[in-house]
Amino acid sequence: MILLKNFRELKEWRSKASGSVGFVPTMGALHAGHQALLQRAKQSSQQCILSIFVNPKQFGPQEDFNHYPRTLEADIDIATQEGVNALFLPSPEEMYPGGYSTYVSEREFTQGLCGSFRPGHFEGVTTIVLKLFNLVNPSSAFFGLKDIQQYFVLSKMVLDLNLDIELIGVPTVREKDGLALSSRNRYLSSKERTLAPRLYQHLIACKKNPSLIPAASRELTLLGFDVQYFEKRSFDLGEKGTFHILAIAAYLGQTRLIDNISLDSPIF
Ligand code: AMP
């Protein structure tokens with residue numbers, strides 16, 4: 001695996017990479033969820049490139065940017081194990097030099113859900129992902145369905161801006177007890193960790209019977225969750241179809257957890 005620490009090294013690698021290039025953008029602190037994306041990228045592409053960049057522009061002023069886990073050595077081991085061909089590690093200075101002033105914003109799918117509670121978050125995401133797409137020039141890019149609103153916002157950006165990149169959504173990887181893997185799970189205390197799977201249990205129950213949503217929210221609140229939203233939502237991607245989901249976000253102590261379940265697919 002080659003480490004690419006700046007745009008020049010990336011350009012040189014990209015100019016020599018032959019065949020299809022599968023791209024997995026992340027913020028590092030890699031876990032089995034990220035590994036599933038890398039495995040999908042390896043399966044369907046001749047070259048697999050991973051990026052790790054903790055993007056300051058997608059964190060609000062009160063959020064955990066400074067404390068976000070940074071575990072580069074372990075990440076390099078995981079990426080090597082997964083057979084990643086190139087690891088792109090851009091610096092914040094090169095990504096956002098002084099005077100940086102251009103942003104990408106999607107105006108429809110970013111409304112509601114996390115968009116209501118994390119102002120500016122999705123603009124930070126679409127901006128960095130478009131920049132990474134322009135730099136890496138991948139054939140396809142792989143995103144987790146755990147971050148379902150992000151997946152649809154990015155799919156809409158690809159559609160609206162006529163990007164010639166195939167976006168592939170990878171099902172959420174979970175712990176045995178159902179908790180969706182997340183780099184932020186390490187913030188949970190042991191008591192919180194035992195409560196956290198309740199989110200997914202309620203999603204499953206409410207998928208069967210959506211009239212249970214208000215009671216499920218109340219029960220989570222009684223358990224100590226600070227529920228931000230628990231609701232049904234649809235995303236219309238034109239010819240690709242309309243997708244219906246049930247999504248939840250809740251704080252448990254200091255940790256913000258999100259999860260969702262598809263109302264269309266029996267699988268996830
Ligand atoms: P992050 O490093 O948290 O920005 O995530 C990078 C990518 O990994 C995003 O596309 C996430 O949706 C995806 N991801 C994070 N957790 C999971 C998970 N449990 N299962 C599948 N994909 C995930």
Side-chain angles (χ1 to χ4, degrees), residues 22-43 48-60 63-65 67-72 74-76 78-79 82 84 87-90 95 109 113-114 118 121-133 136 138 140-158 165-188 193 196-197 199-200 203 235 245 247-249 255-262 265 267-268:
F23 177 38
V24 179
T26 76
M27 299 203 297
L30 300 183
H31 52 64
H34 301 113
Q35 285 175 266
L37 304 187
L38 294 171
Q39 286 157 15
R40 267 304 293 278
K42 285 286 292 179
Q43 269 167 23
C48 170
I49 176 164
L50 163 70
S51 69
I52 296 180
F53 181 66
V54 184
N55 175 31
K57 305 240 182 245
Q58 68 188 72
F59 289 80
E63 293 185 350
D64 57 346
F65 175 72
H67 301 111
Y68 197 81
R70 289 158 169 93
T71 59
L72 185 58
D75 291 350
I76 290 176
I78 291 175
E82 293 299 340
V84 168
L87 170 54
F88 180 39
L89 298 166
M95 272 297 178
F109 290 3
L113 304 182
C114 290
R118 304 187 69 189
H121 168 70
F122 287 116
E123 190 176 79
V125 171
T126 42
T127 300
I128 192 66
V129 171
L130 184 60
K131 282 171 69 70
L132 288 167
F133 282 177
V136 172
S140 50
F142 298 78
F143 292 90
L145 297 178
K146 193 203 81 143
D147 298 284
I148 194 77
Q149 190 174 15
Q150 167 175 283
Y151 171 74
F152 284 116
V153 167
L154 293 173
S155 299
K156 193 64 166 44
M157 177 182 83
V158 164
I165 297 171
E166 188 186 13
L167 230 65
I168 296 178
V170 177
T172 304
V173 177
R174 299 179 180 281
E175 302 280 7
K176 281 203 182 75
D177 59 13
L179 175 65
L181 295 190
S182 162
S183 306
R184 291 188 168 101
N185 289 352
R186 69 190 71 200
Y187 300 153
L188 295 168
R193 176 62 190 81
L199 290 189
Y200 187 52
L203 282 170
F235 293 97
I245 59 151
I248 188 165
T255 312
R256 188 171 186 274
L257 301 170
I258 59 171
D259 204 347
N260 70 87
I261 198 163
S262 166
S265 151
I267 311 166
F268 53 86

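Order of listing sets the numbers, starting from 1, for every ligand and every atom in it. Side chains included, hydrogens not; waters and symmetry mates left out as well; all remaining heavy atoms used. Just so you know, these numbers come straight off a predicted model, no measurement behind them.
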**Study point:** For atom 21 (C) of ligand 1, the option (of G28, P69, P171) bearing the nearest heavy atom
**Key:**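 Ranked by closest heavy atom to atom 21 (C) of ligand 1, first place is P171.
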Review point. Nearest non-hydrogen atom to atom 9 (C) of ligand 1 belongs to which of A29, G144, G33?
Key: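 The option holding the nearest heavy atom is G144.
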Review point. Does R174 come within less than 4.0 angstrom of ligand 1, counting non-hydrogen atoms of the residue?
Key: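 No; R174 lies far enough from ligand 1 that no heavy-atom distance drops under 4.0 Å.
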Review point. Is R256 paired with E63 through a side-chain N to carboxylate O contact shorter than 4.0 Å?
Key: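 Here E63 does not pair with R256 in a salt bridge, since their nearest N and O are not under 4.0 Å apart.
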Check your understanding: What do you reckon, are the aromatic ring centroids of Y68 and F59 less than 6.0 Å apart?
Key ->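 They qualify: ring centres under 6.0 Å apart.
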Where ligand 1 meets [X] - atom numbers and elements under 4.0 angstrom, heavy-atom basis:
X: T26; result: 2 (O), 6 (C)
X: Y68; result: 3 (O)
X: F143; result: 10 (O)
X: L181; result: 16 (N), 17 (C), 18 (C), 19 (N)

Give yes or no for whether the N/O distance cutoff of 3.5 Å, strictly under, is met between [X] and ligand 1.
X: A180; value: no
X: V173; value: yes
X: H34; value: yes
X: F142; value: no
X: D147; value: yes

Exercise for review: Please confirm whether the backbone N or O of S51 pairs with a side-chain atom of T26, one donor and one acceptor, at under 3.5 Å?
Suggested key: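 Such a contact is found between T26 side chain and S51 backbone.
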Practice item. Please check if the side chain of D75 supplies one atom and the backbone of M27 the other of a donor-acceptor pair under 3.5 Å. Key: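 It does not hold such a pair.
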Review point. So which heavy atom on N260 is nearest to which on K146, and how close?
Key: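 Nearest pair, atom of N260 first, then K146: ND2-O, 3.1 Å.
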**Study point:** Shortest non-hydrogen contact from N55 toward G124
**Key:**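 In terms of heavy atoms, the two residues are closest at ND2-O, 3.1 Å.
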Practice item. Pick one of side chain, backbone, both or neither for how P25 approaches ligand 1, counting any non-hydrogen atom pair under 4.0 Å. Key: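 Looking at P25 and ligand 1, just backbone atoms fall under 4.0 Å.
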Review point. Which value, rounded to the nearest 0.5 Å, describes the distance between T172 atom OG1 and I261 atom CD1?
Key: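 Spacing of OG1 (T172) from CD1 (I261) equals 9.5 Å.
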Exercise for review: Please work out whether the ring planes of F143 and F133 are parallel, tilted or perpendicular, with thresholds of 30° and 60°.
Suggested key: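 Perpendicular, since the angle between the ring planes exceeds 60°.
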Review point. Is the shortest heavy-atom distance from the side chain of F122 to the side chain of Q150 under 4.5 Å?
Key: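 Sidechains of Q150 and F122: in contact.
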Practice item. Report yes if some heavy atom in the side chain of C48 is under 4.5 Å from a heavy atom in the side chain of L38; otherwise report no. Key: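 SC-SC contact between C48 and L38 confirmed.
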Point to revise | Top protein contact for atom 2 (O) of ligand 1, by heavy-atom distance | key: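 Scanning the protein heavy atoms, the shortest distance from atom 2 (O) of ligand 1 goes to M27 N, 2.9 Å.
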Exercise for review: Measure the distance from atom 7 (C) of ligand 1 to every protein heavy atom, then report the residue, atom name and distance (to 0.1 Å) of the closest one.
Suggested key: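 Of the protein heavy atoms, L37 CD1, 3.6 Å lies nearest.
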